[in-house]
Amino acid sequence: MLPLQGMRVIDVTTNISGPSLTMILADLGAEVIKIERPGIGDEARKMAPLVKEDGTFFLNINRNKKSVVLNLQLQEAREVMYELIRDADIFVENYRLGKADKLGLGYDTLKSLNERLIYCSLTAYGQMGPSKYKPGYDAILQAETGLMSMTGSDHLARVPVSILDQGSAVWGALGILSALLQRKENGQGQKVETSLYETGVYWVAYHLLSTMLTGENPEKLGSNHASFAPYGAFQTADIPIMIGISNDRLFDKLCVVLEKQQWLIDERFSSNVVRVQNRTLLNEKLTEALQSKKAADWLADLEHQGVPSAMIQQMTDVAKHPQTLSNHMLIDAENPSNGNIHLTRLPITLSSVDLQVRNTPPALGEHTVEVLRDLGKSDVEIERLMNRQELQN
């Protein structure tokens, strides 16, 4: 039995943050009913890059879900939603703040229908403060929470994954799981809130603390680390490698590999504190030393000495890397439109159950009839609702 088996989730989220959250719940065994707009559905369905007609973002984060088309502008469709809510355990929305209330899906409204409901709201900026009504995407919040000020080297750069979307999804899922544990004790649901802004501020926590204590903003260090040296990407005779030296013991080992034991008695490099102060000079000397051999040869020597190091891999390398395959990070899934695709599993392993992809991402409205029939709707009622939605759309 999967951990969340028997739990029903009503999901009105779109794009990346909310669907990533509900994918976690779905992979853990919850029945996730994804409510989508007629004709359009989740905007991520057409978010490039596309594979045939499907956005790869959508394919990656919408497995194990059911798709139901409801036009929530129609009162009749909202009534269907309310019927679903009465029998649900969890409701998740990532609307711009205030929109859920306008649609009749605010917390107080849904709580009045189901006191055991756990209501999760995932917004851009949170529920309070001067920015709470602002729209925001991952990159916008990377800028506003300071992440972008530290990323890259000479030029501004965003972290090229949706780190705040997916990070807030994890916090939302953790909040929901915590609320489920509390409900088991007191029988009551509650509201769970998280946001991209809060996640971003949490991610930069130690940089923020350092700035508040020292009054200095972090440097843009590229692949380097503010606290350690040498630490970063270094060019070899063919391709660059990443080396991470976080203490004096590891620096000793690095010097052995490089045959540069004289650095150990050089007052500029004798401790991590002075190495950080002389980072530029040390990086130049290290790069010069590494030019004598190819990356694979250096990595073999570094690994033998226990020095943290790695090849800087492309996605084509990661897909076939023995560590990726050994950890079973890629799960085969048969998709009606695209054939066999490889989806990344949750980075969680439970000893008692196997968290597999049970169903590939659904076609738009694939489960509308099934779910409405489960509510006791007749074929005539279902057809009338679907026709009205098409006309409204």
Side-chain angles (χ1 to χ4, degrees), residues 4 7-26 30-38 40-45 58 61-62 65-74 77-128 131-138 141 162 164-180 189-199 371:
L4 294 184
M7 295 288 156
R8 172 171 278 193
V9 179
I10 307 303
D11 171 13
V12 295
T13 67
T14 61
N15 288 316
I16 297 174
S17 61
S20 295
L21 191 166
T22 55
M23 181 202 70
I24 295 170
L25 303 179
E31 178 194 24
V32 175
I33 299 176
K34 183 179 180 70
I35 307 299
E36 301 190 71
R37 293 174 294 176
I40 302 172
D42 186 338
E43 292 172 351
R45 285 184 177 274
F58 182 86
I61 58 177
N62 285 283
K65 301 179 186 180
K66 295 178 178 179
S67 173
V68 171
V69 166
L70 285 178
N71 185 344
L72 296 175
Q73 302 294 333
L74 293 174
R78 285 198 295 273
E79 291 298 332
V80 171
M81 172 68 86
Y82 294 153
E83 290 185 59
L84 289 170
I85 291 296
R86 289 187 181 97
D87 192 39
D89 296 281
I90 300 158
F91 175 82
V92 186
E93 58 91 359
N94 67 340
Y95 293 125
R96 188 171 170 179
L97 189 64
K99 183 176 179 181
D101 288 305
K102 290 179 182 178
L103 288 171
L105 300 175
Y107 174 60
D108 291 336
T109 299
L110 300 193
K111 182 182 177 183
S112 70
L113 300 173
N114 181 353
E115 289 191 351
R116 289 175 53 81
L117 184 71
I118 293 163
Y119 184 112
C120 182
S121 178
L122 199 170
T123 57
Y125 287 91
Q127 310 275 326
M128 298 177 287
S131 300
K132 64 183 180 181
Y133 292 115
K134 285 177 61 176
Y137 289 116
D138 188 280
L141 275 299
S162 298
L164 299 185
D165 280 330
Q166 294 182 299
S168 59
V170 173
W171 293 120
L174 180 59
I176 288 169
L177 294 177
S178 301
L180 283 173
Q190 61 180 291
K191 189 178 184 184
V192 175
E193 298 173 0
T194 190
S195 69
L196 277 67
Y197 188 87
E198 291 164 278
T199 299
V371 170

Q. Hey, what do you get for CG (Leu110) to CZ (Phe91), rounding to the nearest 0.5 Å?
A. 5.5 Å

Q. Can you tell me how far CG of Asn62 sits from OG of Ser20, rounded to the nearest 0.5 angstrom?
A. 8.0 Å

Q | Lys34 and Pro19, any side-chain heavy atoms less than 4.5 Å apart | A | yes

Q) Will you find, in the side chains of Thr22 and Lys65, an N or O donor that is under 3.5 Å from an N or O acceptor? A) yes

Q | Where at least one partner belongs to residues 103-117, residue pairs that pass side-chain hydrogen bond (donor to acceptor under 3.5 Å, both in side chains), sequence neighbours excluded | A | none

Q) Ignoring hydrogens and geometry, is there a side-chain-to-backbone donor-acceptor pair from Glu36 to Asp42 under 3.5 Å? A) yes

Q: Taking all heavy atoms of Ser195 and all of Gly126, pick out the closest pair and write down the distance.
A: CB-N, 3.3 Å

Q: Any chance you could measure Tyr95, atom OH, to Thr14, atom OG1, to the nearest 0.5 Å?
A: 8.0 Å

Q. For Asp165, what residues pass the side chain to side chain donor-acceptor pair (under 3.5 Å) criterion, not counting sequence neighbours?
A. none

Q | Polar side chain donor-acceptor pair, Ser121 to Glu93, under 3.5 angstrom | A | yes

Q: Nearest 0.5 Å please: distance from the CD1 atom of Ile24 over to the CD1 atom of Ile176.
A: 9.0 Å

Q | Pairwise distance CD1(Ile118) to OG(Ser178) - rounded to 0.5 angstrom | A | 9.5 Å

Q. Do you know which two heavy atoms are closest between Gln73 and Arg78, and how far apart they sit?
A. O-NH1, 3.3 Å

Q | For the student: nearest non-hydrogen atoms of Ser17 and Asn94, plus distance | A | OG-ND2, 3.2 Å

Q: Show your working on side chain to side chain contact (heavy atoms under 4.5 Å, CB included) between Tyr125 and Leu141 and close with a plain yes or no.
A: CA-CA 8 Å; Tyr125 287 91; Leu141 275 299; 3.7 Å; yes

Check residues 80-90 and write down every donor-acceptor pair under 3.5 Å in which the side-chain atom is one partner and the other belongs to a residue at least two apart or another chain.
residue : atom : partner : partner atom : Å
Tyr82   : OH   : Gly104  : O            : 2.8
Glu83   : OE2  : Lys377  : NZ           : 2.7
Asp89   : OD1  : Arg183  : NH1          : 3.4
Asp89   : OD1  : Arg183  : NH2          : 2.9
Asp89   : OD2  : Arg8    : N            : 2.9

Q. Is Val371 close to Ile33 at the side-chain level, that is, under 4.5 Å between some pair of heavy atoms?
A. yes

